[in-house]
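As structure tokens, the structure follows; a few thoughts come after it.
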Amino acid sequence: MNSRQHIRYVTAPDGTRLACAESGSGPLIVKAANWLSHLEYEWESPIWKHWLQFFSAHSRFVRYDERGCGMSGWQDTALSLDVWADDLGAIIDVAQPTEPFTLLGISQGAAACVRYTIRHPERVARLILYGGYARGAFSRGTTEAAAYHAMIDLARVAWGHDNPTFRQIFTSRFIPGGTYEQLRWWNEVCLKSTTGEIAARLFEARAVIDNTDDLGRLRMPTLVLHARGDQVVGIEEGRLLAANIAGAEFVELDSCNHILLQDEPAWQIFCDAVQSFLQQGVATIASPFAALSARERQVLSLMTEGLSNTDIAERLAISEKTVRNHASNLFDKLGVWSRAQAIVFARDRGFISTS
């Protein structure tokens, strides 16, 4: 790569050490952690390198290894959707965004992005969800649940064996269209990324995820992309996300790979869709809300959700007087006289919580 990544450590709310990497420049995109990452090995990986190149070329791209994996702490800690959302929040806080930003959720990272956004809608401009799901394997039917239980048991007893056949049961599902080199890399990184016991616990925690009730509460631009032949997360899960998130755009990709490979046509379609989506976000901001500062956009967004000045002050950790000042300024800029008029103005013109 022409650019380089900068790795540092972040402390999660419960004290767990999280490894975080940053590359590129431009608008901030934060990627939630996904299965078996390793920041250092991914940088030149035959599976992830083109992903990192693409996002680093168009943004200030921040990603991290989840607890229990890669360069983050491997100690025995709690694993749950709320904990993963807390970890994502810790990474975002250290990134110090100056305005609302884009969240990228791949696979189970989608659920963490949704949960974080529900907690902090004023901070998130838009969501990109690829290969994601709101329902874990235990909520998708008895057949899938039984297969998942078998993989959990197998991880505990066979993960560290010298024979890679056991690990390939996991990796071949992610990239069935991969080359020998790509499959071998993933088999090797399994051992470098975590232990069999942690892998089993991660499987179990993912299997019980169910945040379908969160989806209807999202009120920002969302792009959902999913491979038609995905063997890890069936395309019905992607359709469920798109159907339950208001106004979400759905792109179905002609691929059998859970992680798109660089040489398949679906990868270029993915890149084009993401770039178009991000450019639409910039255009949406340009008019008629271009004159609003980032903080004024946050205040307006929270007004449209029905929050009082007191609630907004608490949410943004500012004084109520400061909220009133921001409200007065945004009324002047929008040419309205009251909170009610501002809310109607915003809704009529499609304003959502954007950067």
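For the numbers below, each heavy atom of this structure counts, side chains included, while hydrogens, waters and symmetry mates do not.
To the nearest 0.5 Å, atom CG of residue Leu36 and atom OG of residue Ser107 are 10.5 Å apart. For the atom pair Leu278 CG and His58 NE2, the distance stands at 9.0 Å (nearest 0.5 Å). In this structure, the separation between CH2 on Trp74 and OG1 on Thr194 is 5.5 Å, given to the nearest 0.5 Å. For the atom pair Leu225 CG and Leu129 CG, the distance stands at 8.5 Å (nearest 0.5 Å). In this structure, CG in Leu88 is found 10.5 Å from CG in Leu18, a value given to the nearest 0.5 Å. Here Arg63 contributes atom CZ and Ile106 contributes atom CD1; the two are 10.5 Å apart, rounded to the nearest 0.5 Å.
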Checking side-chain contact (heavy atoms from CB on, under 4.5 Å) for the pair Trp51/Leu260: CA distance, chi angles, key distance, verdict? CA-CA 9 Å; Trp51 286 78; Leu260 296 175; 3.9 Å; yes

Kindly determine whether Phe54 and His50 satisfy ring pair (Phe, Tyr, Trp, His ring centres under 6.0 Å), including the steps that lead there. CA-CA 6 Å; Phe54 171 71; His50 56 290; 9.7 Å; no

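Side-chain atoms of Ser72 come within 3.5 Å of backbone N or O of Asp65 as a donor-acceptor pair. A donor-acceptor contact shorter than 3.5 Å links the side chain of Arg219 to the backbone of Gly216. At least one donor-acceptor pair closer than 3.5 Å links the side chain of Gln5 to the backbone N or O of Leu39. Using modelled atom types, no side-chain atom of Ser328 and backbone atom of Asn325 make a donor-acceptor pair closer than 3.5 Å. Although no hydrogens or angles enter the test, the distance criterion places no donor-acceptor pair under 3.5 Å between the side chain of Tyr116 and the main chain of Asp87. Here the side chain of Gln182 pairs a donor or acceptor atom with the backbone of Thr179 at under 3.5 angstrom.
Between Arg206 and Glu66 there is a salt bridge, since a side-chain N of the basic residue sits under 4.0 Å from a carboxylate O of the acidic one. A salt bridge links Arg156 with Glu204: at least one charged nitrogen is closer than 4.0 Å to a carboxylate oxygen. With salt bridges taken as basic N to acidic carboxylate O contacts below 4.0 Å, none links Asp86 and Arg67.
The minimum heavy-atom distance linking Asn257 with Gly178 is given by the pair OD1-N, 4.3 Å. Between Ala19 and Tyr9, the shortest heavy-atom contact is CB-CE2, 3.6 Å. When every heavy atom of Arg339 is checked against every heavy atom of Ser308, the shortest pair comes out as NH2-C, 4.1 Å. The minimum heavy-atom distance linking Ile343 with Met303 is given by the pair CD1-O, 3.4 Å. Thr171 and Cys190 make their closest contact through CG2-SG, 3.8 Å (heavy atoms, listed as atom of the first residue, atom of the second, distance).
The aromatic rings of Phe203 and Tyr148 sit perpendicular to each other, their planes meeting at more than 60°, with 30° as the lower class boundary. The aromatic rings of Tyr130 and His226 are tilted relative to each other, their planes meeting at an angle between 30° and 60°. Ring geometry for Phe270 versus Phe55: interplanar angle over 60°, hence perpendicular rather than tilted (30 to 60°).
Each of Trp185, Tyr41, Phe174 was evaluated against Ile47; a single residue qualifies, Trp185, per the side chain to side chain contact (heavy atoms under 4.5 Å, CB included) test.
Counted within 6.0 Å of CD on Gln341, heavy atoms from surrounding residues, nucleotides or ligands total more than 12; the atom is thus considered enclosed.
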